[in-house]
Amino acid sequence: MTESELFQRYRETGDIELRNLIAEKYLYIAAILAKKFVGRGVEYDDLYQVASLALLKGIDRFDERKGLKFSTFITPTIAGEIKNYFRDRSRLVHLPRKISELRASVRRAAEDLTKELGKKPTANEIAQRLGISEEDVLYSAEAGGVVSLDKPSEDGDMNFYDVIPAENDVFERIETRDAVSSALTALSDKEKTLVKLRFTEELSQAETARRMGVSQMYVSRMERRVLEKLRERLKKSMAE
Amino acid sequence: MKIIFELSFPLRSDLMTTVRLAAGGVCALKGLDMDASEDCKVCITESLLLLKHRGYAVGRVRFFESEGLSVRVEGEGVGQEEESPEDEISLALLSALLGTVETTEKGGKLNSVSFEIGSRK
């Protein structure tokens, strides 16, 4: 079957097996492109995974009637996804969701109050409006600031980098990481992808489903199954 | 256009890392951000691979002063032609990363790849 016939048939039938066949046929493009972006601080395996998911998405979007070769179509798609991944990954420090939401509420309340009062509101006024403590308002404001590790600390002699305590319990961390790594080996490739998307990239179930090309319900069920599996494995390894 | 830096070297795979390092240095000198710098390195490598597969023995990379950074990658001399299924992907990748790529041919064979990349910090 020619490339065009293959895609035409997939477009007409939506047959997942056919899609998988196409994916296998063109997976080498994902591998080549992933290799080309190695060296920017991300492991090849991760890049390959991002590229493979982009390939799956691309297969669904490709229209062979436009006369473009699939490799020409998919290369920019995969390159774009890899670059997005780099961009997203560069935001390494995430605020906890609760604080992000608090910050958003404080900002909105401050804007509303500015309009209502005709002046910038005090922390106390914002706190009253939101029914939270004044301390929380101030905390949320602090949480958003970006501080350089080279900035001098309050006593002036050292910078933040010098005064941030080192992680003490390194061994415990290593042990935990080992236990989790070992538990993860029990998972299938699909389950590992789910863990990565849901718990490393912190994507929603809907977005995870979209990237994996499955339904949200499927993700939800798989997630329950995976967590159960991991729980069992971790319990076992702790007992040992 | 004023040349900032120029490299000429045997077109061999084992020298690509050296070329990439030099390219990274020029990008840093021009104040390109990390993304643009990495893209530039990928594009130079891809251009050199395309030229290598077309049987050139020597690679020449020239960096010119421009709003961002202009790069011209050329092939010279006669080497071993190699057929590579990856060429198509290299060309598509260049277009994807750069938008505009200019190529020239000599004797019906790709001879140079030119592009401009990045903007000042």
Side-chain angles (χ1 to χ4, degrees), chain A residues 2-4 22-44 46-48 50-55 57-59 61-64 66-92 148, chain B residues 13-28 32-53 61 68 71 73 82-101 103 110 113 115 117-119 121:
Chain A
T2 64
E3 176 178 294
S4 179
I22 298 172
E24 275 172 36
K25 185 173 157 73
Y26 292 102
L27 212 49
Y28 76 97
I29 300 180
I32 290 172
L33 288 171
K35 260 185 224 153
K36 293 188 190 295
F37 286 91
V38 164
R40 299 192 192 191
V42 180
E43 295 289 322
Y44 167 75
D46 291 341
L47 292 175
Y48 181 54
V50 172
S52 305
L53 288 170
L55 175 72
K57 276 199 269 182
I59 291 171
R61 289 206 345 254
F62 181 63
D63 188 344
E64 79 290 346
K66 291 185 176 162
L68 207 60
K69 278 186 79 175
F70 182 67
S71 56
T72 312
F73 164 82
I74 199 66
T75 299
T77 304
I78 295 178
E81 282 289 326
I82 291 178
K83 292 195 77 181
N84 286 345
Y85 180 72
F86 283 128
R87 192 199 57 213
D88 294 345
R89 201 176 168 278
S90 67
R91 297 178 192 141
L92 283 175
S148 166
Chain B
S13 301
D14 61 337
L15 290 175
M16 293 299 168
T17 306
T18 310
V19 178
R20 285 170 62 88
L21 283 169
V26 177
C27 290
L32 299 194
D33 63 42
M34 287 303 287
D35 260 0
S37 172
E38 289 298 332
D39 286 350
C40 183
K41 282 152 65 177
V42 169
C43 291
I44 289 173
T45 312
E46 293 310 308
S47 305
L48 287 170
L49 287 173
L50 285 170
L51 294 167
K52 182 172 175 282
H53 295 155
V61 184
V71 185
V73 186
E82 306 160 39
E83 267 192 32
S84 171
E86 290 189 21
D87 280 1
E88 199 181 342
I89 296 170
S90 292
L91 285 166
L93 185 59
L94 284 172
S95 301
L97 293 179
L98 297 167
T100 313
V101 192
T103 56
L110 178 77
V113 180
F115 55 87
I117 199 157
S119 55
K121 263 180 203 167

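All values below were derived from every heavy atom in this structure, side-chain atoms included, with hydrogens, water molecules and symmetry-related copies excluded. Keep in mind that this is a model prediction, so the values were computed, not measured. Chain letters run A, B, ... following the sequence lines, proteins first, then strands; residues in each count from 1.
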Measuring heavy-atom distances to chain A, does B:S95 have an atom under 4.5 Å in its side chain, in its backbone, in both, or in neither? neither
Could you state the interatomic distance from CZ (A:F62) to OG (A:S4), rounded to the nearest 0.5 Å? 7.5 Å
Sequence-distant partners of A:Y44, ring pair (Phe, Tyr, Trp, His ring centres under 6.0 Å), two or more places apart: A:Y48
Of the listed B:T45, B:L97, B:V42, B:D35, the one with the largest count of heavy-atom pairs under 4.5 Å with chain A is B:L97
Nearest 0.5 Å, please: how far is CE in B:M16 from NZ in B:K41? 14.5 Å
The interface call for A:F73 against chain B, heavy-atom contacts under 4.5 Å, is neither
Nearest 0.5 angstrom please: B:L110 CG to B:L91 CG, how far? 7.5 Å
Could you measure the distance from the SG atom of B:C43 to the NZ atom of A:K36? Nearest 0.5 Å is fine. 11.0 Å
Is A:L33 in contact with chain B via its backbone, its side chain, both, or neither, using a 4.5 Å heavy-atom distance? side chain
Interface moiety of B:E88 toward chain A, non-hydrogen atoms closer than 4.5 Å: side chain
